[in-house]
Student: 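Handing you a structure now.
Throughout, a chain's letter reflects where its sequence line sits, starting with A, and its residues are numbered from 1. All values derive from a computational prediction rather than experimental measurement.
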There are 2 protein chains.
Amino acid sequence: MHSEDWVSHFPGLHSLPDDILAALIASSRVVQLPAGTRIFGPGHAPDAFILMLRGTVRVQQVSDTGREIVLYRVSAGDSCALTTACLMGYDDYQAEALAETDVAAVAIPRATFDDIIARSPDFRRFVFTAFSRRVTDLFRVIEEVAFARIDVRLAQRLLERANTDGHIELTHQQLAAELGTAREVISRQLNEFQRRGWITTSRGAIDITQPEALRQLATAP
Amino acid sequence: MHSEDWVSHFPGLHSLPDDILAALIASSRVVQLPAGTRIFGPGHAPDAFILMLRGTVRVQQVSDTGREIVLYRVSAGDSCALTTACLMGYDDYQAEALAETDVAAVAIPRATFDDIIARSPDFRRFVFTAFSRRVTDLFRVIEEVAFARIDVRLAQRLLERANTDGHIELTHQQLAAELGTAREVISRQLNEFQRRGWITTSRGAIDITQPEALRQLATAP
DNA sequence: GGCCGTATGTGACCAAGTCACAGGGTTTGC
DNA sequence: GCAAACCCTGTGACTTGGTCACATACGGCC
């Protein structure tokens, strides 16, 4: 891929004037990271604005008791809005980001980012729209953790993370970390789903056999 | 108060060049709102960037079952960062904001805001720092809701919302809405605190008699 | 005083998280 | 090929937190 090709991944950037686009391309670079890389964490503020080209990054929080919860995912075409916040606010993260797959991303240095924010209304809109989406995500997480039943949340998550065949390669522990709960809770819920014939389970994987039943639970009042 | 006096409330704005300050002051206006005003809510995106001069605004989320949780408060000297996000991202809020007291605030129209963001690095820094703080707050809320015990959270909140005499004028229902839990849970915890001699309760109010004990619980591992 | 709306108390029950531990697969190293 | 180590899953007993259904109790206000 030529270095300037990545712009085509971000519709929000097409309308930028040529000179700004040129500045963006000239000073940014494409980085490749292997799956499992810790991209940032508490005390490790990033120094660049990130645009994802390929792969997914998981942003999660870890409690002192070792329990985890996934806050959101950043995938191709997204920017990491929290990076943006902390980049600009010069604040440290409370969360950590991990590459779930091999990742390719554009890194725009802080100075360039600030410069382009100043020069382009469209770039501002692009950044703040992404930001706004993330904040909405965080609100949804709070609402679900505070108010939603665990069976409903698990059903949602299973549907979300299944491939088109209804296959999910996650352990109970990993699902617990998605939802911020304990492994035993997931095991019991999955047993219940299986007892009802909605899924089948095997070591490290789950297959959805009745997606409709799960969907109905997931959208229950 | 003269219209330009409010700038002194925001140290982050002092360093702005005179022409930018003048633009800010010229196009913004000071608004007064009585306690109880609903400032924004789902479907009611605000149309201005808000700087708080006096009073407090509570930003909360309401579940469909009627339970509530406080996300954060905006008080004098703060900006409403979420307003900022949604203002710039042109997105709707999922939460609502209520004036807890009589409120005075500066409203900066969207166009002016965008203009000044473009012109002033210091203003950008001011806005994004505020934003960053809010995001950190949201992370803390998620962590607490997902992982912290309710007695610890209640102790924290009691200390937070007590005046210097250790007096708190909140009903059990209101405390439940602060923490996103049920009224009965708060009642039982308060009874337990009272049984231990840490607080005394009366209708609609609580007095802390042993702040140290509460503090110890609030900072427990 | 009697009424009414709101605040609080309580017991029974259900949902979810914790703890301790038991097996069963898989992988690793020999 | 085998054993040890590790990870994944199952399970029972228990604690904590949330729900439901009421019962009181308090504070204004006629």
Student: Give the rounded distance in Å between these two atoms: CD of B/E192 and P of D/dT15.
Tutor: 15 Å

Student: Need one value for B/Q189: base, sugar-phosphate or nothing, where a base atom within 4.0 Å counts as base even if backbone is also close, heavy atoms only.
Tutor: sugar-phosphate

Student: Can you name the one residue among A/C80, A/P109, A/S28, A/S79 that meets side-chain contact (heavy atoms from CB on, under 4.5 Å) with A/F49?
Tutor: A/S79

Student: Could you tell me whether the phosphate oxygens of C/dT8, OP1 or OP2, come under 4.0 Å of any side-chain nitrogen or oxygen in B/S187?
Tutor: no

Student: Here's a test of your reading of the structure: between B/R188 and B/L170, which maps to the more 5' nucleotide of DNA chain C?
Tutor: B/L170

Student: Let me check the geometry of the helix from C/dG1-D/dC30 to C/dC30-D/dG1. What is the bend angle between the axes at its two ends, five pairs each, to 10°?
Tutor: 20°

Student: Start with the C-alpha gap between A/F128 and B/F128, add the side-chain angles, then the distance that decides, and say whether ring-ring contact (aromatic ring centres under 6.0 Å, His included) holds.
Tutor: CA-CA 11 Å; A/F128 293 132; B/F128 293 132; 5.5 Å; yes

Student: Does any donor-acceptor pair link the side chain of A/R183 with the base of D/dC8 at a separation under 3.5 Å?
Tutor: no

Student: Over how many whole Å does the gap from B/L175 atom CG to D/dG17 atom C1' extend?
Tutor: 17 Å

Student: Below 4.0 angstrom from OP1 or OP2 of C/dT18, is there any side-chain N or O of A/R67?
Tutor: yes

Student: Answer yes or no: is there an ion pair linking A/R124 with B/D114, defined by an N-O contact shorter than 4.0 Å?
Tutor: yes

Student: Whole angstrom is fine here: how far is it from CZ in B/F147 over to P in C/dA16?
Tutor: 16 Å

Student: Let me know which of B/Q60, B/R134, B/R133 forms a side-chain contact (heavy atoms from CB on, under 4.5 Å) with B/Y72.
Tutor: B/R134

Student: Indicate, yes or no, whether a donor-acceptor pair under 3.5 Å links the base of D/dC7 to the side chain of A/Q173.
Tutor: no

Student: For atom CZ of A/R215, decide whether the heavy atoms of other residues, nucleotides or ligands shown that lie under 6.0 angstrom number more than 12.
Tutor: yes

Student: Base, sugar-phosphate alone, or nothing: which one does A/T201 contact when heavy atoms must sit under 4.0 Å apart?
Tutor: nothing

Student: Starting at atom CD of A/E184, determine the distance to atom P of D/dT15, rounded to an integer number of angstrom.
Tutor: 16 Å

Student: Please state how far atom CD1 in A/I150 lies from atom C1' in C/dC14, giving the value in whole angstrom units.
Tutor: 15 Å

Student: How would you label the contact of B/R149 with the nucleic acid (heavy atoms, under 4.0 Å): base, sugar-phosphate, or nothing?
Tutor: sugar-phosphate

Student: Between A/H172 and D/dC8, is there a side-chain N or O to OP1/OP2 distance below 4.0 Å?
Tutor: no

Student: Considering the options A/Q194, A/Q189, A/R196, A/R188, which one meets the side chain to side chain donor-acceptor pair (under 3.5 Å) requirement together with A/E192?
Tutor: A/R196

Student: Using a 4.0 Å heavy-atom cut-off across all strands, classify B/R153 as base, sugar-phosphate, or nothing.
Tutor: nothing

Student: Measure CG/A/L217 against P/C/dA15 and give the value in whole Å, please.
Tutor: 13 Å

Student: Please answer whether the main-chain N or O of B/T65 pairs with a side-chain N or O of B/S63 as donor and acceptor at a distance below 3.5 Å.
Tutor: yes

Student: Measure from CG on B/D151 to P on D/dT15 and round the result to the nearest Å.
Tutor: 15 Å

Student: Only counting residues at least two apart or in another chain, list the ones meeting side chain to side chain contact (heavy atoms under 4.5 Å, CB included) with B/E144.
Tutor: B/R140, B/A148, B/R153, B/Q156

Student: Starting from P on C/dG9, measure out to CZ on B/R195 and report it in whole angstrom.
Tutor: 15 Å

